[in-house]
Every structure is written in structure tokens, then in C-alpha cells.
Amino acid sequence: MVVSVKAIMISGRTLGQGAACEAKMSPDYFREASSCSLSQADLRGLGISPGENLEVTSEHGTVILTPQEDRGLDPGLIFIPMGPWANCLVGPDTSGCGTPQYKGVHVEVKVTTFPVLAIRELFGRFGGTRT
Amino acid sequence: MRTITLRPLASHLVPIEAEGLTPDGLAKLSIEEMEALDLWLGNRRTRLCELFAIEVDGKPAPIEETTVILDGDFSRVKRIGERMSGGMIQSLGDLGMHAGAGMSGGNILIKGSAGDWLGREMRGGSIEVEGDAGNYVGSGYRGERCGMRGGSILVRGNAGVFLGEHICGGSIHVSGNAGDYPGAANGGGTISIGGDTHLPGAEMTKGSISVGGRTTVLPGFQFQDEVELEGLTYQRYVGDLVENGKGELLLALAQQSA
Amino acid sequence: MIQEDVVCSFCGCLCDDIRVETNDEGIVKAKGACRLGSSKILGHGPGHGRISKPMIRQDGELVEVEYQVAYDRAARILKAAKRPLLYGWASTVCEAHEEGVLLAEEVGAVIDSTATVCHGPSVIGVEEKGLAGATLGQVKNRADLILFWGCNPAEAHPRHMRRYSSNSTGRFTPEGRKGRTVIVIDVRETRTARLADRFIRIDPGTDYQVISALRLILAGKAEILGDEVCGISKGKLVDLVDILKKARFGAIFFGLGLTHSRGRYKNIDCALSLTAELNAHTKFMIMPMRGHYNVAGIGQVMAWEGGYPMSVDYSRGAPYFNPGETAACDLLARREADAALIIAADPASNFPRSIVEALAEIPVIQIDPYENPTTLLADVVIPCAIAGVEVEGTAYRMDGLPLRMRKVIEPVHPSDEEILKEIRESARRLPDDH
Amino acid sequence: MIIKGGVVYDPANGVLGEEMDICIDAGAVAEAAGGPTIDARGMLVLPGGVDAHSHIAGPKLNAGRIMRPDDGRIGTEPRRGLCRPCTGYTVPNSSAIGYRYARMGYTTVFEAATPIIESRHTHEELEAIPILDKGALTLFGSNWTVMECVGEKDLPKLSAYVAWGLRASRGYGVKIVNPGGGEAWGFGSNVKGLHDPVPEFNVTPAEIIHELARANERLCLPHSIHLHFNNLGKPGNYSTAIETLDLLKDIVPSRDRQAVHVTHMQFSAYGGTGWRDFESKAPEIADYYNKNDHATMDMGQIIFGSATTMTADGPLEYANARLLHQKWSNHDIELEESSGVVPLVYIRGSPVNAVQWAIGLELALLTEDPWKVLLTTDNPNGGPFVKYPEVIALLMSHKRREEEMAKLPELLSKRSVIGSIERELGWGEIAVMTRAAPAHVLGLKEKGHLGVGADGDVSIYEIDPREVDPGSDPALVERAFTQAKYTIKAGEVVSRDGEIAGIPQGRTFWTDANVPEEDMARLMASLKEKFEKYYSIQMSNYMVQEAYLSRPVAVRAGVEVAQ
């Protein structure tokens, strides 16, 4: 049986993501921006083992992220640093005011053994396709 | 009577701006004059005949006796019916943003769905949408303190967010659901929503909002009593008290417990 | 060589006390800068992903070309477009912004800034209510109460607290942090929350209701509230209002927690009203925590050049402003834009995925010092000097205070301003096809 | 260039309606010139218009633009000919400001208030205004260093600070707004009158004004202090106005000009104890001006319709916003000032607005000497500058005023004397109020007149003053002044029949005042401490850099000039 939890996704700045964001193609940026944080209770509930990742799905897409624990988060919240990984889950609707809803996205989280996509893989299907 | 039918010659993703397409603008024109009307396709100034096929039935007529029929997908055509004062526009399919903005009279009937800012700052006349409507139906423009002031809008499907923001008069009825914050800063208009919505009447000072489905009530609304309207029982609130508002919020009782 | 009082070009704090040491290799030290600022100032050299030459995509691959070739290609793309988008502007100086507006006028473009994916809703809120603000020095010298709402300066603006807000000292605040009450309201316990005297956790998407309740309590109407508002006890809210009213000078800083959540500008609108109403009792100001160092500047430049601070459509020759219709994400989500020039921003990383897909479908011109995901979908790539490190010019701090950015080292590449001017010149030489 | 045969009014040189030629050579009025000839026969020829008090650039303007997209939409004009696109009515974009002033025949406009620390912004916007020559007045009235020097009674140090502040801001003169009130507003209060000490600083508004006036004269600045009174906008405030003017009777001007310029006097000529018994005290103010010669004023006329109020008087704007339930922006500036922006509408049906309307006109009509009253609307506080022609028509025609009064509440006749004033200003008096006097008040020697050596700024209007009687034909006057036949700037036609014909970059005037080194050294010690402890930016990043003024004109002043 696959265990999953429903959660609300919040994306935002972190110090590490910020410090690496001028070098987006670097391993540092990959490490800092492709993780997600959950409460201890949610991580336990998911029964995650070392080396496993999380697959997060919203109505707008799916992304695989490395898990972290954050004691500042209540159960039911998942935090992802702002960036292309988090944005796989964000919808295009701006509510008529120009700004997408980057916070408060309903998602489902489950454990996966698939790897996190590196930045070029994440954008792979765009690269070199245009003339 | 005069009927003018427009059919798109091609489909466009780049929007067309066509504020001249009103009974006021077309009633008196010959076909040749209509063909030469200025429209904008993105940043290109173009002529009506380059974008639409025109069919005219009847001689030039008074505005009130003029009907404009839009046959096809007009979802990328903006500002149709802007500032119209009379006559009729019938859209057989979808219609783009700002339809009927600032209109003071006449009727717009949309068989499909309408884009955002439908009936923005309208003063009179009526708009009817058989499908859905976008965001900011009957609202004001950015920074305006008064949106729709008169006339009526009927949406048979769902409406988007910020329905009737800054409405000062007139009425809007949505048969389906409405997005967040309908009737925000309502200064005297009437809004009724058949289905669900979220946080109606924020900062409303006057006017009335009724909700037939489920909703969330803002803290600034104070329960008054229960009233019977057309066979349904409504809870009546007054608010929004953050603005010392005296607006009326009516919530259909049967739905609230669901 | 050592240069004093260099202005940092990372975030909206624009710290202007950085001591930068350079040698033949480039910048070797940035004393006083935080981790974010250091990464920006020190990250200028080769090996940090700098783009070395202009490139044009041919058969799917980016191929190096001369600058003039890239300018001409960019101009042709923009001139051929019926709805070009000029987007970005957050990480460059105002002199480039002015050129950007001229280019938008020349090619009939929509010009929009990254504000529309950060504090755009704050601007719309200001259009509803106005903004009771102040320079950051007012907070430093006077504030005895600081409320961080939906922002996390400890990570996003690391020197904010020490230089300007909770931990700074000033004329009427000699005790610094000890003399101040610091409150954090957020949906999660951030690093900033852990440094606060009081942390109030709220449910995601309930900011508007909570602010409304605070306004009611402030207006003496607490009795109409239930025992709880969105999960927070009434007592806690009444206490909070009491603390706010007792302040001698209160400062509210808010971040993307308000603008990116359900309600968008309504959250800001309500917070602005709360601030105005607090001024009937004591002194209060409110300020958005602007992210990129000059995202405030593009708003200022666009306002005096065309009357509106963002999302301006020049397609009909006159400025037209309507975010929701003319903002970058709206244009792309509806697939209206048929070409894009991206400068000083990385929308491929920062836009929702499906909007990035729309961007990938149209010709994209990128002007940037660094390779980033936007490069992966660009058709013309023009490397530029780093504004604020290699190019001097004006930037506006989050409080609207303008500073002159320094040129710390000599650039190899042309500035954003020069590149934009060349593209505009090239576009002027092309015949009108309309 | 030769402007041939026009009917010239150049009151500064005693020319009142003479048919004569004006020659412009190398940008200045000359005895003779070659080049193109403009046929001005049957037309009114005036020096280029000078506006000594208008809000045209800087943080307040942008605050107004950003909070008022509704205003932006009113004035939309697409890119056309030489002109970049325009937006706005009360808060136009920078391009529109330049074009619209030029179309009316104005060539020189001074921004009324810039806070030193944000002057970079003011100059960025001034540079973006096409055509016009301009300058900015620097705010000093709630400045910590000023108040400390006043408290220490150290006039040399205060003078040094004023000189330094003008240089730091590239400002032209000393602006004082609700002195002390901006500091008090830093903690949410205000000063209540001239002798109410500023909290924490123990100096009074009276002392701040008087000492700044002394410093101004010690430095021999081209302009006098430029004063926005305490209690502005409040019923009964005319007594504060008169008390303040009395305070300055002992100031000896260092140049041939007034000792104090009082700005937008309309907002300070109020009687009554509240808005219910609000009434005009313009007759009392005008009487004072008729009996005293040390002060000048500008009208601050209101225009019915939309306005955007913007002022360094922060507490006033908060009061406005609460009273009118309007949008409110506020911007307090560390160690220096406060400010606010509130949109409002002046309504004909409002008795208060009607009385305000009357007061501005009464001030201009009851003050005998037109050299003492400049024509302004305190743009955009009383209304936008594009309405100046309407004000001119009202001043020149009793009939026009009566037509307007017929639309106003009857109560007006009890609360003002406007209905009983029959005076109609003549062409020469209008030329004084819009040209000669503003230039003289500012101390701009080459502006506001057409004598040899004056700047070659000329406006030509399609109206023959020998034929038209403004009293009976005010509409003709208004139309003529709305759109100059030609506006000439430094010998170049910049506007013709409302079409912009040339877009030169204007100059920016600032005042470079020298002070003794020892005074400056003492000042620097205390400034250094302020930057280390209180300012949020470094001293080395404070001064407006040269890059921000593309065509600066430094007017020399200072202690040495005075001696």
C-alpha cells in the first residue's frame, strides 16, 4: 500500500537558495532548491527511509524532491524553496491580478525511489527544441 | 430593424481590441464604412474587414433598432459593446474581456462565456451570459472607487473572483458559483449568487449580497435575524463593520449547515 | 584596492556600507555583506556561470555570434511581433529601465517587471488604499514595535533586522532589540519567528479574516467576534491589538506570505487599512519587503515615464495598465505574447511550470550576465555587465530611497542600458510592416 | 530669431502693450538678431511663463501616480510626432508635464519641495521632464540638524548646514513646511502653533522659521525662505499667518527681493472655528500685504474637480484622509521631514470648497500690488496647472466670476466678499503674476522679462489685447492662454498651436553657497555623528551625484557674496 498525505504547499525564499540563485546551473542551487520540508509527524506518517525521495503532486503537476524535517512546520504543511521545482506545482491562474498563487497549493505527498531531476533534466524538453 | 453579423476570418491568439463594435458605432454606417473601421490586433492598427466577414441585413437604422450578431469565437476580441447606449449585441459563442464596459443602455446576450471585466463600470442596460463569466464582473477599473452604477448582469454559469468589486448600483445575478471576494467594497449594488462563494461583502458599506450556496462569513458581519425570501429562509447579516458598513448579507439557511 | 561604502546589489535592503577589496583577479572580499550579498558581489568572475559571448539558436543549439548580429536578430524578433513582452528589470539599474520604456514605446510592447510575481498585489493594494510608509531610518530611530507578517527577513533580507529594524539602534531606540517588541505572524515558525517575542501562527489563506478581526477590535467592536477567528482565540487577538495600540511607533513589514496567498491584494488592502486606522491611536507605518535590489526602481521609473508602475501595455501607443490582463503571467498563460525579451530576471525558474511552457513556445531574447534556466529556452542570448557591480546607476531601496550603485570593477561586457539602446536603434532602422 | 510686431507686455522693463520686435540671439534676448522671423502682428507677446511653486517631480509625485491609476487614465495621449505618450490629469507622467506647460507658454517651473535624502529621485524626474528649465526647493523645516542649530543659537553652523543641504540636494532654495510638525508627526503628533515646542527638540516653529530666514539672508541666497505655514488647512488659521508674517518683519533681505515668500496662501487664509462657520479671511491677509512689503505669496487657487493633494505636511494629509475617507499615503523621512498624498475632489456644491475657491481669487484681487501675488494652484493640490488659463480668466473678468458664483452655494456670499469685488486684472498684471513676479521672487535675473540678456523664452498668444476686452470676453482669454500660438525656449520654437515642435533638455538651477571653512568643519563633526548613529545610509552615499544633473546651472551665493 502506498502511503500518502494531503498537505498545503508553501514556497518561499531560503538563505541557501538565495545564496545560490545567481548560479542557477550549479550543484549548490540544485541542492538548495530541490528539497522540501515537512513536519516530523508527516515524515513519520509517510514512513520514509534514508535515500528515498518524495513525490509531490498538485492539480498542476508532479515533482520529486529530497525530504527534510522542519520543526517549524505544522503537520499538513509542506515547504519548498522558491524555484523551478516548486513551480511544477503552481498553477497559472492569477485571479485577475497578475500574480500566481505560489502559496497555499493543495498537494498530495508520497514516498518514491525515483531520483530528483537535475536542472537540465527538469528543463530537458525545452532545451534545443527551438529553431 | 438592422442586423449586422460579424464572423471571424481566422483565429488569433493575439487579442483584438474592438471598442467600436457597438450598435452606436455601426447603426448608421454603410458596409464600406464598416469595413474600413479601425481595430487593433495587438500593436497593429488594422481594418475590420481584415479580421471579420461582415453581413448586413437592413438599411441604416436608429441605434435602438440595430442588432450586432457575433457568430464564432470572439474570446480574443476585447471591448465589444464598450460604452454602448442602446441596441443589441448577441454573441453566439464566447466573448473577450471588457465586454459592455461602461455601457449605459441596450442589451448584450452572450450564448457562450464572457471574459474578465464584463460590464466594468456599466451605467445601464443589461448583459446576459449563458455560460460562465470571468473575474471582476461589474467591477471598477484599477483605482476606481465606483464600479458598476446601474443596469443588470445575469450570469447563468459561474463567475470568477472579485465579482462586483466597488459596485455602486445596479444588480448582478450569478446562478452558479462565484469566486473569492464577491461584492468587495459594495457601495450600493445588489448581488445574488445561487451557488457557493468565499468571503462575500468585504468592506461593503451599502447594498445587498445574497448567497444560495455555501460560503464563509467575514468577521465584520453581525447576525440580525432570519428572513423569508421567495420561499427560502435566509440568515441576514449586516456589515462590513470594519467600514461601519450598513450592507446586507443574506445566506440561504438550508445550505449553510451542509 | 579597497572601496568603502559600496552598495549591495542583492536584495531590497540596499546595504550601502560594504567594503569591497579588489585585485587583478577581480573582487576578493566583500566585508560587511551577508551571505546573499557576498554571493552576488563575489560571484562575478568566470566559473560562476557567466555567459561569455552573445549566442543565437540555430538548429536547436546556441551558437556564438557577434554583438551586432544578436542586436539585429533581437530587433527583428521584437519588430515582427504583434504582442511582444519586455519582462524582468529587477536586477538592473534605473538607467536601463528608462531605456526599456523607450524600447517598449518603439516596438509597441507590454513592459512588465518581476513585481508582478512578488509585490504586484501590494501595488494593487496601494491603488485601493494608499501606503502609510516611511524610510527605514524612521524605524531604526523610532520603532518600539515591529510586526513581521508573512515575511522572513532572517533568510530573505539577512541584514534588515540589524541595520534597520528589530536589532538596530537609533535616537529614540538606544536599547536596540531590548527596547523593542517583535511579533511575527506566519503560517510556519520561520527563523525570524524564533527570534521574535511573540509568534502567532495562522492557517494558510486566512490573513484577510485575521486582519479584519484586528480592525474590528481596534474599532471597539470586539463584541461581535466569536471566540475564535480562523483558529486563533479572540483573547490572543485582543492582546495583540492592545500591544499595537500601546506602541509609540509601530512598523509592519510584510512579505510574500500576504501577496502569494489566497486573497492576493485584498490581504494587502486590508493591512493598509489597519495601518491607517492604527494612526488614529499612535504612529504606524507599513512596508513591503521588496526582494530584488531594484525591483522598487523599475516601479518608480515606469511611474514617471508612463504613469503606472508595472504591467504597462504600449501596443496602442499610449500606456495602458491592467494587471490580470497585461501582466507577464497573464499574457503568457493566455498565449497572447508572441515574443519576449527577458532582462535581469529568470522567469523560467520563477514562473509556474505551464507558463514557462508557454514562454518556450515563442522567440525569447535573454539579456543576462549568467546562464540560467531561461537561457535553456532562449533564442537570442546577450551577455551583459553586472549592474551594481560592474556598472553604476540608480537603485531604489524597499522604502523608496534612491542610492547610486557603484562600479566596483571594470566590465568586459556592455551594460544593459547600452544593449537596450543598440536593440532600439536596430529596431528603428527596420521598416514598419504595419 | 526675430519676433515681429507683437503687442508686448514686459512689465519688468516697463513695457505695457507696445508693438515691438523681440530679437533672440544665441538663446538670449538681444538688440538684434538674424535667423527666422515670426510674425506676431496682432498677437500678445509675453516672456515665457515662470511657475515658482508646483509639484512636478520626486517621491510625492510618484506616490500620487502609483496610488491613482484612475487619474492616469484621464490624460492618456498616444505617442505622436515628437511626443512620447502622456498620461494623467492631476499627476501626469513626466513627459506630459513638460509638453503641457510648454503648450501653455511656460518655460520655467520650480518643484516646490524635495527632501534632501531623496533628492536623487527628484532630479531623476526633473531630468525626465522635457523642455522646461527647472529647480527644486529643499525642505529644511523639520530637520534635526536645523533644529539643533536653532536650539544652540548657532547661526553660522545653521548657515553652513543650509549651504551643505542645498549642495547635497542640488536644491535652489529653502523650503519650510509646517516647521517642527514633520518631526512631531514622526511620533504621530503635530505642533499646534508658532510657539508650541517641537517634542524632544525644545525649539519652537517660530524660532525655526526666524533662524532659517536669518541663515537664508546670511547666505545671500537668490530666493527668500519659501514658507508653508503651521496650521495650514485649518479653520481660523489666518491668525497664525499674520503672526508668522509679523515674526519676519525684522529680517533684512540680502538681495533685492522679499524676506519671505508664503506659498499657497489660500490654504492659510481661513476664518471660523470649524468647518461649519468656516469663512474667508482673505481681506485681512490682503490688507496686511497692502500695508507691509516684506512678504510675497502665491495663490494656491483651487479648481473644481479632481485634485491630488501632496505636501510635506504629513499630519495635514492624515487629517484630510480621515475627514474625506480617502486613500492615504504617508512618507516620513528620517531626520528630515514627513509627507503625505491624498486624492480629493473639490465640489461646487460644497460650501467649504466654494469658500476656498473664493479665497484664492480674493487674495489676488484685494492685494493691490500684483508683484506680491503669484498665480498658482499649488499644482496639483488646488488643481492641475493646466487650469491656469481658467484662473487668468476669472481674475480678468468680473462677469466670469459671477457666472461661476451662480453655480455655488448661496452661503458663499455670507462667508466671503468675492461677490463684491469688481476689480478686473489687466494684461500687464497677469504678465506680472505669471512671469515677472515669479522670476523676481525666485531671484532668477534672466527669467520673466524680455530685456537684452534675458533668456530667449517667449510666449506668443493669438489674442490682440488692443481688440479684446477680457472683462466681457473671458472665454477668448482662456482659450488663448490654454494654447500658445508659439512657445519659444532659448530661441527655439518648442510648441506651435499646441503641437510640440522641439524637445530641448532644460537646465536645472541650484544654489552653490560658500561658508567659512571653520563653520563647515564644526558642522561636519555633528553630521558625521548623525550618519554613524541615526541615518540609514552612509554619508558618502548621501549627496546627489553630478550624474543626476545633465545641464546644471549653479547660482553663486554664500557668506562671501553677502559681504
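Proteins get letters first, then strands, A, B, ... in listed order; numbering begins at 1 in each.
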Atom pair CZ/OH of C:R264 and B:Y181 - distance to nearest 0.5 Å: 10.5 Å

Chain B contacts, top residue of C:A337, C:A219, C:G263 (heavy-atom pairs, under 4.5 Å): C:G263

Separation between OG of C:S311 and CZ of B:R142, rounded to the nearest 0.5 Å: 9.0 Å

Pairwise side-chain contact, C:E336 with B:V14, heavy-atom cut-off 4.5 Å (strictly under): no

With C:Y308 via ring-ring contact (aromatic ring centres under 6.0 Å, His included) - residues at least two apart: C:F321

Shortest non-hydrogen contact from C:G324 toward B:M97: O-CE, 4.1 Å

C:E128 and B:H166 side chains, donor-acceptor separation under 3.5 Å: yes

Residues forming a ring-ring contact (aromatic ring centres under 6.0 Å, His included) with C:W149, sequence neighbours excluded: none

Verdict with reasoning, B:H12 to C:K82, per side-chain contact (heavy atoms from CB on, under 4.5 Å): CA-CA 11 Å; B:H12 294 276; C:K82 294 187 177 73; over 6 Å; no

Between C:L225, C:L331, C:N322, the one whose heavy-atom pairs under 4.5 Å with chain B are most numerous: C:N322

Atom of B:A202, atom of C:Y208 and distance for their closest heavy-atom approach: CB-OH, 3.2 Å

Flag side-chain contact, heavy atom, 4.5 Å: B:R76 against C:R334: yes

More than 12 heavy atoms from other groups under 6.0 Å of CZ on B:R145: yes

CG on C:L216 to CD on B:E243, rounded to 0.5 Å: 10.5 Å

Pairs of heavy atoms under 4.5 Å with chain C: top-ranked of B:L41, B:N135, B:V161, B:D116: B:L41

Nearest heavy-atom neighbours spanning C:I224 and B:P219: CD1-O, 3.5 Å

Side-chain (C:R335) to main-chain (B:L13) donor-acceptor, under 3.5 angstrom: no

Minimum heavy-atom distance C:A81-B:R44, with the two atoms named: O-NH1, 3.0 Å

Expected output: side-chain B:N43 to main-chain C:V107 donor-acceptor under 3.5 Å: yes

Approximate separation, where rounding is to 0.5 Å, of B:D240 CG and C:R215 CZ: 7.0 Å

B:N244, part contacting chain C, at a heavy-atom distance under 4.5 Å: both

B:D225 atom CG, neighbour heavy-atom count above 12 within 6.0 Å: yes

Proximal component of C:E325, with respect to chain B [non-hydrogen, under 4.5 Å]: both

Geometric class of the B:Y136/C:Y265 ring pair [parallel <30°, tilted 30-60°, perpendicular >60°]: parallel

Best-contacting candidate, C:K129, C:E127, C:K221, against chain B by heavy atom pairs under 4.5 angstrom: C:K221

Chain C contacts, top residue of B:P15, B:G42, B:G220, B:G143 (heavy-atom pairs, under 4.5 Å): B:P15

4.5 Å side-chain heavy-atom contact, B:E165 and C:K266: yes

Check: C:R316 side chain, B:E17 main-chain N or O, donor-acceptor pair, under 3.5 Å: no

